[in-house]
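On a predicted model such as this, the values are computed, not experimentally measured, just so you know.
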Amino acid sequence: RNLCCTRILHCKKFSAVGVAAAVQLETPTPVTLSRRRMSNTWVSYLHAVLQLCARNKASIQGKACHARAIRFGLQEDTTTSNILINVYCKSGLLSSARKVFDGMPARSLVSWNTLIGSYAQNGEAHEALSLFKLMQRNGSSFSEFTISSVVCASVAICAVFVCKQLHGFAIKAAVDSNVFVGTALADVYAKSGLVKEASRVFESMQERSVVTWSCMVVGYVQNELFEEALLLFHRAQKMEVEHDHFILSSIICGCAGVAALIEGKQVHAIISKTGFCSNIFVASSLIDMYAKCGSVEEAYTVFTNVEDKNVVSWNAMISGFAKHARALEAMISFEKMQQMGLYPNEVTYISVLSACSHMGLVDEAKSYFDLMITKHNLSPNVIHYSCMVDTLGRAGMISEAYDLIQRMPFVATASMWGSLLACCRFHGNLEIAEIAAKHLFEMEPDNAGNYILLSNIYAANKKWEEVVRARKFLKENVVKNEKGKSWIAVKDKVHKFMVGEINHPRIAEIYSKLDSLVEEVKILGYKVETEHELHDVEESRKQELLKHHSEKLALSFGLLSLPASAPIRIMKNLRICGDCHSFMKHASSSTQREIIVRDINRFHHFRKGRCSCSDFW
């Protein structure tokens, strides 16, 4: 009997026949059992087979063993019941596990922990919390694993208050310093947007695992605190913390968030050294990072080196092409992806439609929109419709874009109405501009940009009374106008600039360089376009404000700090204005430098007086 059990446990391939044979082999009869009781050997043998069922998630064979256990009166044995709970939990049969649990006359800590942990891991957060409450009411003892499991369950239902209660409970029970509990608390706080609390827990931990560091870095990135994520990663490196694919893919996203290409390349080197290049998620993050840092060529190099490309890696590459106005490459990749036997999903279509939108390819966009419905049986979501509205609007088909908004099965978003309003300004459609603005005023009453944009459309149509009314409203009401800011990475450090910046340590040099640059580009034909300055001030003041826009200051600093052969990469939080766009084109000719500006919508590659967007943005 023992020999048979050993052979099954060491068998590489688990089969139903093998388990059945193990269960039935020399099975004692009830009569025999009553005569000589069940031997410890037989119980151990049954437990070994049940553990084998758990490892292989063999629920059918596990149920067969369960029947044997009931037949011979083992259903009241705590150890046997614990193993049965584990079998059902590993097989995803939580209801069966709960039945075994509820039928136990006496439960051990293992019983509670196994079921609570399984509820948490399988998304049954309410059940996990409910069971923990029952555990407390019964006066049962708990462990660090119990607390960490329940804390993880609370994040699934965004139960921040419950998490704080559990944190207090952990402190009271003196288990808050445990690495598993601390990691779970930091993870929950970070995922709930409470980054300060997460950081406080992290810093208070005397012992931290690789998972702890990963959770904190991921938390910073998810909350768009990219610089904090980079600083923490550097700290982890100094402490020689082991890298896993979670922390590496997350820090790559952090580099992409601040367009830190140099940092991204350093992390890429670590990835190559540690052998994570073959990990498809890490590789996809690298593709996305290089694309968002303005180096689509390097993104494509990483992409070509990925052996087993999946939909995620193809989507990252197509999205990168779209952001850089490489519509043709995006469409070719879309076709190649299908030739490789992969089917595009909703994200793929968002990227290819976005590429069409950036280049004004109306017919191609309509074709893809129909294709996703007819060929791939995908239902367009609000983002797909938004891409179509943007494509039609940019091409001057304002009425058709408005009709699409009215016909679509979704409520139009603020970004959709904003896109339509901007297109109305560009193409001079006052009637639909007023409709779009009305919706925006209801959805974003505190957004000053919408009021200013409408007033500019009125001014272009010589509706001076409406202009005065809109400007008066802005003065009399508290509305928010997001300030433009730009940043540029130089020697492992990110430098931020606001309009009219005064706090940078080299600000005097920067303004001096900008003054000389303005004179140079004027010789090439640059003229200040004051219609892009939205403040209600005098003409001379408008020219001064435009001159000191954040991207111009970042460009001047880049010219002072970067080698002559290096491209200047600038990131901006808003759409680049028309005056700065014209300035960058002339500056690329004057300085003979490639200037790459990433605004909120897309990348602009300025070379020799031209922009990759063909002045269509």
Side-chain angles (χ1 to χ4, degrees), residues 121 152 179-180 183-184 186-187 190-191 198 202 207-321 323 333 336-337 340 342 345 347-348 351 489 492 494:
Q121 291 171 6
C152 290
V179 65
F180 298 108
T183 301
D187 185 45
K191 287 178 179 176
F202 178 84
E207 179 188 356
R208 305 183 187 99
S209 66
V210 177
V211 179
T212 313
W213 287 92
S214 296
C215 286
M216 203 62 233
V217 171
V218 171
Y220 279 133
V221 172
Q222 288 176 341
N223 288 277
E224 298 185 357
L225 297 170
F226 304 120
E227 292 183 49
E228 288 82 350
L230 290 170
L231 289 172
L232 187 64
F233 181 71
H234 287 315
R235 184 175 157 193
Q237 284 183 292
K238 289 179 181 178
M239 297 181 69
E240 298 183 350
V241 175
E242 183 183 354
H243 301 117
D244 62 8
H245 67 277
F246 293 109
I247 195 171
L248 290 172
S249 59
S250 296
I251 202 63
I252 282 292
C253 293
C255 295
V258 291
L261 182 61
I262 296 174
E263 299 259 2
K265 287 184 174 181
Q266 291 173 349
V267 178
H268 190 178
I270 294 171
I271 290 169
S272 300
K273 185 178 179 181
T274 52
F276 281 109
C277 283
S278 58
N279 184 286
I280 192 65
F281 299 105
V282 174
S284 298
S285 296
L286 280 171
I287 295 167
D288 184 61
M289 181 273 294
Y290 279 121
K292 287 181 177 177
C293 289
S295 184
V296 70
E297 291 81 8
E298 289 183 83
Y300 187 69
T301 300
V302 174
F303 176 75
T304 54
N305 290 329
V306 176
E307 293 183 4
D308 298 319
K309 300 179 181 69
N310 64 0
V311 176
V312 177
S313 53
W314 279 99
N315 284 350
M317 194 66 253
I318 294 171
S319 176
F321 284 137
K323 285 184 175 69
S333 298
K336 283 186 177 180
M337 173 185 179
M340 298 295 293
L342 296 172
N345 59 18
V347 178
T348 320
S351 297
D492 294 348
V494 177

Report, one line per pair, each donor and acceptor closer than 3.5 Å where one atom sits in a side chain of residues 298-306; sequence neighbours left out.
residue	atom	partner	partner atom	Å
Glu298	OE2	Ser295	OG	2.7
Thr301	OG1	Glu297	O	3.1
Thr304	OG1	Tyr300	O	3.2
Thr304	OG1	Thr301	O	2.8
Asn305	ND2	Thr301	O	3.1

Might you work through the side-chain contact (heavy atoms from CB on, under 4.5 Å) test for Asp244 and Ser214, ending with a clear yes or no?
-> CA-CA 8 Å; Asp244 62 8; Ser214 296; 3.1 Å; yes
Mind listing the closest non-hydrogen atom pair of [X] and [Y] along with its distance?
| X | Y | result |
| --- | --- | --- |
| Cys152 | Ala184 | SG-CB, 3.9 Å |
| Ala229 | Val221 | CB-CG2, 3.8 Å |
| Gly320 | Ala291 | CA-CB, 3.7 Å |
| Val210 | Glu242 | CG1-O, 3.4 Å |
| Leu230 | Cys255 | CD2-SG, 3.6 Å |
| Ser285 | Ile252 | O-CG2, 3.0 Å |

With a 3.5 Å distance limit and no angle check, can you tell me whether [X] reaches the backbone of [Y] through a side-chain donor-acceptor pair?
| X | Y | value |
| --- | --- | --- |
| Asn223 | Ala190 | yes |
| Ser313 | Asn310 | yes |
| Arg208 | Val179 | no |
| Ser319 | Asn315 | no |
| Thr183 | Phe180 | no |

Does the gap between the ring centers of Tyr290 and His268 come in under 6.0 Å?
->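 Ring centres of His268 and Tyr290 closer than 6.0 Å.
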So with a 6.0 Å cut-off around CD of Gln237, is the heavy-atom count from everything else above 12?
->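 Counting neighbours around CD of Gln237, more than 12 heavy atoms of other residues, nucleotides or ligands fall under 6.0 Å, so yes.
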Quick check: are there more than 12 heavy atoms from other residues, nucleotides or ligands sitting under 6.0 Å from CZ of Phe276?
->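 It does: Phe276 CZ has more than 12 such atoms within range.
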Kindly compute the distance separating [atom1] ([X]) from [atom2] ([Y]), expressed to the nearest 0.5 Å.
| X | Y | atom1 | atom2 | answer |
| --- | --- | --- | --- | --- |
| Leu261 | Cys293 | CG | SG | 5.0 Å |
| Cys253 | Gln222 | SG | CD | 9.5 Å |
| Ile271 | Leu286 | CD1 | CG | 4.0 Å |
| Asn279 | Ser249 | CG | OG | 7.5 Å |

Side-chain heavy-atom pair [X], [Y] within 4.5 angstrom cut-off:
| X | Y | value |
| --- | --- | --- |
| Lys309 | Met340 | no |
| Met337 | Val311 | yes |
| Lys265 | Met289 | no |
| Leu248 | Val267 | yes |
| Phe202 | Trp213 | yes |
| Glu228 | Leu232 | no |
| His243 | Phe233 | yes |

Verdict with supporting geometry, Thr348 and Trp314, side-chain contact (heavy atoms from CB on, under 4.5 Å) = CA-CA 8 Å; Thr348 320; Trp314 279 99; over 6 Å; no
Take Arg235 and Val241, measure what side-chain contact (heavy atoms from CB on, under 4.5 Å) needs, and give me the verdict at the end.
-> CA-CA 9 Å; Arg235 184 175 157 193; Val241 175; over 6 Å; no
Would you kindly say whether Glu263 and His234 are connected by a side-chain donor-acceptor distance under 3.5 Å?
->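 His234 and Glu263 do have a side-chain donor-acceptor pair below 3.5 Å.
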Evaluate the side-chain hydrogen bond (donor to acceptor under 3.5 Å, both in side chains) criterion for residues Ser209 and Thr212: first the C-alpha distance (whole Å), next the side-chain angles of each, then the deciding distance (0.1 Å), finally the verdict.
-> CA-CA 5 Å; Ser209 66; Thr212 313; 3.0 Å; yes
